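Please read these numbers as outputs of a predicted model, since none were measured by experiment. The sequence lines fix the lettering, A, B, ..., with proteins before strands; numbering per chain opens at 1.
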Amino acid sequence: MPLAWGAVLAVMIVPVVLAAFNPWLAYRNAAYIVGGFAGILCLSLMLLQPLLAAGYLPGLSPVAATRWHRRIGTLLVAFVAVHVGGLYLTSPMDTVDVLLLRAPTPFSVHGFLAMWGIVITALLVVLRRRLGLPPGLWRWLHNALALGVVVTTCIHAARIEGAMGAASKAVLLAAVLMATLAALLDLRLLRPIVLKRRARQGF
Amino acid sequence: MTAPFYNRRSFLITAGLAGAGALQWPIGALAQAYQPTQTMRGGANNYRPGAPLVDKLGNGFFVRGKVLRAGDGAPLRNVRIQIWAATTLGGEREPRNHGSVLTGEGGQFELEMEQIVPNFGQPHAHLAYDDADFKTVFLRPVMPSASDTSVTADFVLAPA
């Protein structure tokens with residue numbers, strides 16, 4: 001149990017600490033640094049979301065895991081706002097270009113997609129009851145959005161030359177992608193098959 | 001059965017490629033005739049018009065290029081090129097990172113400044129031609145590596 005937690009926390013925290021020691025930070029203003037790290041923290045926290053959703057983290061009850069999944073989801077929304085806001089304060093023109101899909105950087109469109117994916121996810125969570133979506137449909141919508149957000153975030157992060165170290169970023173990206181794919185396959189494919197088989201056998 | 005080395009399909013593909021190649025020839029020749037440089041996406045971001053003429057803005061990093069006239073490619077001398085970038089002095093809006101230089105006899109220019117550092121995810125410079133004689137052009141060359149100590153951008157200017 002401590003081994004699993006240690007590995008997850010190391011993969012999450014080491015890239016953030018290494019980024020904090022990047023010499024380029026000395027040449028940036030506070031808004032840029034805060035905005036940049038809000039993005040890095042989003043990527044780091046994204047590793048926890050699928051692990052919590054699928055119940056892979058040992059020592060957490062399903063209720064506690066769900067509660068943390070929601071709290072971290074709220075944090076992701078807040079950090080996206082800080083990320084975009086910090087970049088806007090640093091260079092309004094560059095940030096508006098991204099939001100209007102006319103920026104020269106090839107990774108900015110993936111940041112744009114990830115941001116809107118997170119916003120739509122949050123809206124669906126808030127309006128879940130009011131919309132009266134059937135639980136099955138809601139799960140598939142939430143999972144499809146989550147996959148889209150994770151993939152676009154990873155492409156966005158991978159192509160940015162910034163404060164993060166290349167190796168620790170690659171490890172974190174691989175971990176986030178693998179955890180997301182594993183949780184989705186497990187929750188939406190494997191577990192339903194097992195449940196159906198058990199039902200047929202009369203358990 | 002072995003795959004034939006040469007058949008009707010491969011002939012058609014080869015003939016098609018050769019035809020396309022022949023069509024490309026005059027287009028390639030036209031491109032030699034000094035087409036005006038197009039403004040790059042995001043090139044004008046954080047532009048501060050009227051950057052002062054400077055000998056240099058710092059040490060160790062060089063922004064270089066040449067300025068030619070559209071059509072005949074004649075070098076243009078005494079043309080003002082404005083340059084700015086995020087460096088170790090600060091971001092693109094830092095006034096100490098903005099300066100202008102004039103082109104020499106061969107239309108070439110060079111500005112020494114502090115090391116350019118990645119900004120908004122890419123190490124890049126900004127250059128502007130924004131005076132009366134020719135059409136305004138903003139360039140935003142990206143350095144292949146953040147550890148590069150120079151970046152090059154050329155202008156081909158069309159009359160205003």
Greater than 12 external heavy atoms within 6.0 Å of B:Asp72's CG: yes
Exceeds 12 heavy-atom contacts within 6.0 angstrom, atom CH2 of A:Trp138: yes
Atom pair CG/OG of B:Asn46 and A:Ser91 - distance to nearest 0.5 Å: 3.5 Å
Pairwise side-chain contact, B:Phe120 with A:Val98, heavy-atom cut-off 4.5 Å (strictly under): no
Heavy-atom pair with the smallest gap, counting every atom of A:Arg102 and B:Arg41: O-CD, 3.4 Å
Side-chain heavy-atom pair B:Val142, A:Glu161 within 4.5 angstrom cut-off: no
Under 4.5 Å from a heavy atom of chain B, the part of A:Thr90 involved: both
Heavy-atom closest pair, residues A:Tyr32 and B:Pro118: OH-O, 4.4 Å
Neighbour count above 12 (heavy atom, 6.0 Å) for A:Tyr56 OH: yes
Pairwise side-chain contact, A:Pro106 with B:Gln122, heavy-atom cut-off 4.5 Å (strictly under): yes
B:Arg140/A:Thr105 under side chain to side chain contact (heavy atoms under 4.5 Å, CB included): CA gap, chis, key distance, verdict: CA-CA 11 Å; B:Arg140 184 188 175 280; A:Thr105 43; 3.7 Å; yes
Beyond-backbone contact of A:Met93 with B:Tyr47, side-chain heavy atoms, under 4.5 angstrom: no
Heavy-atom neighbours of A:Arg71 CZ exceed 12 at 6.0 Å: yes
More than 12 heavy atoms from other groups under 6.0 Å of NZ on B:Lys66: no
Proximal component of B:Glu92, with respect to chain A [non-hydrogen, under 4.5 Å]: side chain
Rounded distance [0.5 Å steps], CD in B:Glu114 versus OH in A:Tyr27: 9.5 Å
Pairwise distance CG(A:Asn29) to CD(B:Glu94) - rounded to 0.5 angstrom: 10.5 Å
Under 4.5 Å from any heavy atom of chain B - which part of A:Asp97: side chain
Toward chain A, the part of B:Ala44 with a non-hydrogen atom under 4.5 Å: backbone
